[in-house]
Amino acid sequence: ETVKLNYGVDYQNGGTCHFSPTPDTWIKMLDILLFWASKNIDGFRCDMAEMVPVEFWEWAIPQVKEAYPEILFIAEVYNPNEYRNYLMRGKFDYLYDKVGLYDTLRNVACGYESAAAITHCWQSLNGIEKRMLNFLENHDEQRIASSFFAGNPRKGIPALIVSACMNTNPMMIYFGQEFGEMGMDSEGFSGRDGRTTIFDYWSVDTIRRWRNGGKFDGKMLTEDHKRLYDIYQKVLMLCNEEEAITKGVFFDLMYANINGWRFNERKQYTFMRKYKNELLFFVINFDSQLVDVAINIPSHAFDFLQIPQMESYQAVDLMTGAKEEISLLPYKPTDVSVGAYNGKILKITF
């Protein structure tokens, strides 16, 4: 289904590069990019961009952006050793965070890996996490609700909150994800594999229900669909409205809670976001049952985030609007209860 185009790399003779004069393929590809950019599109998602020499992107992307400064270039690069090369030299705006955060969150949601692995995941990016595009579903991957992944769309809610809220980078939602689309149809070419086919003429059940014959009123959605949609709406609205998420700094609390007395680092993940006088305290529960946890907030967090110590403070859970009293002290754990497959975002304004 693909044609191997000549980008000036002689793969039959040790990968020798011939970029001068400019390869004819480069000129044709730039013409194609400029053609679509002229149609007022938002950006390009470049499939397996690392299979094309970075020199081409370095040459082409600045020329497209010179004519269309607002256009975005997002690359599919699966080799972490090439991340900086395609961001810095290749001039891409974002890379899909597939082999890092996606794979990690999928394993945590399915119980194969500890939630503590999320910390190692963002640390491995070493400063370029803001240039990564986070996602939990796309055309290549199996649906969260499918029996090949979690089997239950609610199991993806903790991963959604982490993926969408832990940094200032963008989050992608794949169509139907917000309704818990299962992708468990037996399509023609694709088959029953937990993915929504991109090869067949097909109708996606949850999207068809949401569309409701062109009314787009969602009246054919089930109550479970609607409840999940409300959660997705809430999280994505917070990502746009809360400055601590859109602009704030990030502080991972996991190192102070490993082997905690009332904290299971395999099933819970906790962090903070801060901007000016607003603090968001995230407690995420990947477990199948409600948990009452005690979270240690180290002295370094108070210094780094410049937050006052408080014996008692009324916080608001942004997920529900409910108010609750919590303490923020370096010598006393903070008690929080979180429902199954859920998360709390406690907002404190100083």
Could you go through Y331 and S299, starting from their C-alpha distance and side-chain angles, then the distance that decides it, and tell me whether this counts as side-chain contact (heavy atoms from CB on, under 4.5 Å)? CA-CA 8 Å; Y331 53 83; S299 297; over 6 Å; no

If the threshold is 4.0 Å, N to carboxylate O, is there a salt bridge linking [X] and [Y]?
{"X": "D205", "Y": "R208", "value": "yes"}
{"X": "E242", "Y": "K347", "value": "yes"}
{"X": "R89", "Y": "E58", "value": "yes"}
{"X": "D335", "Y": "R262", "value": "yes"}
{"X": "E278", "Y": "R273", "value": "no"}

Shortest non-hydrogen contact from [X] toward [Y]:
{"X": "A256", "Y": "N296", "value": "O-ND2, 3.1 Å"}
{"X": "G248", "Y": "T168", "value": "O-CG2, 4.1 Å"}
{"X": "F350", "Y": "K274", "value": "CE1-CE, 4.1 Å"}
{"X": "V54", "Y": "Y86", "value": "N-OH, 3.6 Å"}
{"X": "M319", "Y": "I161", "value": "CE-CD1, 4.2 Å"}
{"X": "C239", "Y": "T246", "value": "O-CG2, 2.8 Å"}

Sub-3.5 Å donor-acceptor pair from the side chain of [X] to the main-chain atoms of [Y], do we have one?
{"X": "T104", "Y": "G100", "result": "yes"}
{"X": "S312", "Y": "E325", "result": "no"}
{"X": "Q63", "Y": "W59", "result": "yes"}
{"X": "S163", "Y": "L160", "result": "no"}
{"X": "R131", "Y": "N169", "result": "no"}
{"X": "E324", "Y": "Q314", "result": "no"}
{"X": "D200", "Y": "F189", "result": "yes"}

Side-chain H-bond candidate by donor/acceptor type, [X] with [Y], under 3.5 Å:
{"X": "T119", "Y": "D252", "value": "yes"}
{"X": "T16", "Y": "N13", "value": "no"}
{"X": "S327", "Y": "E311", "value": "no"}
{"X": "N285", "Y": "Q268", "value": "yes"}
{"X": "Y78", "Y": "E76", "value": "yes"}
{"X": "S190", "Y": "R195", "value": "no"}
{"X": "D287", "Y": "Y341", "value": "no"}
{"X": "E187", "Y": "T197", "value": "no"}

Before you tell me yes or no, could you show the steps for D230 and K226 under salt bridge (charged side-chain N to carboxylate O under 4.0 Å, His left out), namely the whole-Å CA-CA distance, both residues' side-chain angles and the distance that decides it to 0.1 Å? CA-CA 6 Å; D230 287 343; K226 292 175 182 177; over 6 Å; no

Step by step, work out the side-chain contact (heavy atoms from CB on, under 4.5 Å) result for L95 and I74. CA-CA 6 Å; L95 309 180; I74 304 169; over 6 Å; no

I would like to know whether L328 and F302 meet side-chain contact (heavy atoms from CB on, under 4.5 Å); could you show each step before the answer? CA-CA 9 Å; L328 287 180; F302 290 90; 4.3 Å; yes

How about [X] and [Y]: are their ring centres within less than 6.0 Å of each other?
{"X": "F44", "Y": "W36", "answer": "no"}
{"X": "W26", "Y": "F19", "answer": "yes"}
{"X": "F250", "Y": "F271", "answer": "yes"}

For D93 and K65, what are the C-alpha separation, side-chain angles and deciding distance, and is it a salt bridge (charged side-chain N to carboxylate O under 4.0 Å, His left out)? CA-CA 11 Å; D93 296 292; K65 283 182 172 284; 3.0 Å; yes

Would you verify whether the NZ or CZ of R227 falls within 45 degrees of the ring axis of Y232 while also being under 6.0 Å from that six-membered ring's centre? no

Cationic tip of R45 within the cone over Y96's six-membered ring, i.e. under 6.0 Å and within 45° of the normal? yes

Aromatic rings F73 and F92: how do their planes relate, parallel, tilted or perpendicular, breaks at 30° and 60°? perpendicular

Using the six-membered ring wherever Trp is involved, compare the ring planes of F251 and F304 and label them parallel, tilted or perpendicular (cut-offs 30° and 60°). tilted

Tell me, do [X] and [Y] make a side-chain contact under 4.5 Å, heavy atoms counted?
{"X": "Y255", "Y": "P298", "result": "yes"}
{"X": "N167", "Y": "M132", "result": "no"}
{"X": "M272", "Y": "L280", "result": "no"}

Evaluate side-chain contact (heavy atoms from CB on, under 4.5 Å) for S337 paired with V291, printing each intermediate quantity in order. CA-CA 6 Å; S337 63; V291 293; over 6 Å; no

For F35, the ring-ring contact (aromatic ring centres under 6.0 Å, His included) test, sequence neighbours excluded, returns none

Test ring pair (Phe, Tyr, Trp, His ring centres under 6.0 Å) on F286 and Y269; report intermediate values, then the result. CA-CA 8 Å; F286 289 88; Y269 182 67; 7.7 Å; no

Which Ile, Leu, Val, Met, Phe, Trp or Tyr residues join M184 in one cluster when any pair of side-chain heavy atoms under 4.5 Å counts as a link? F148, M182

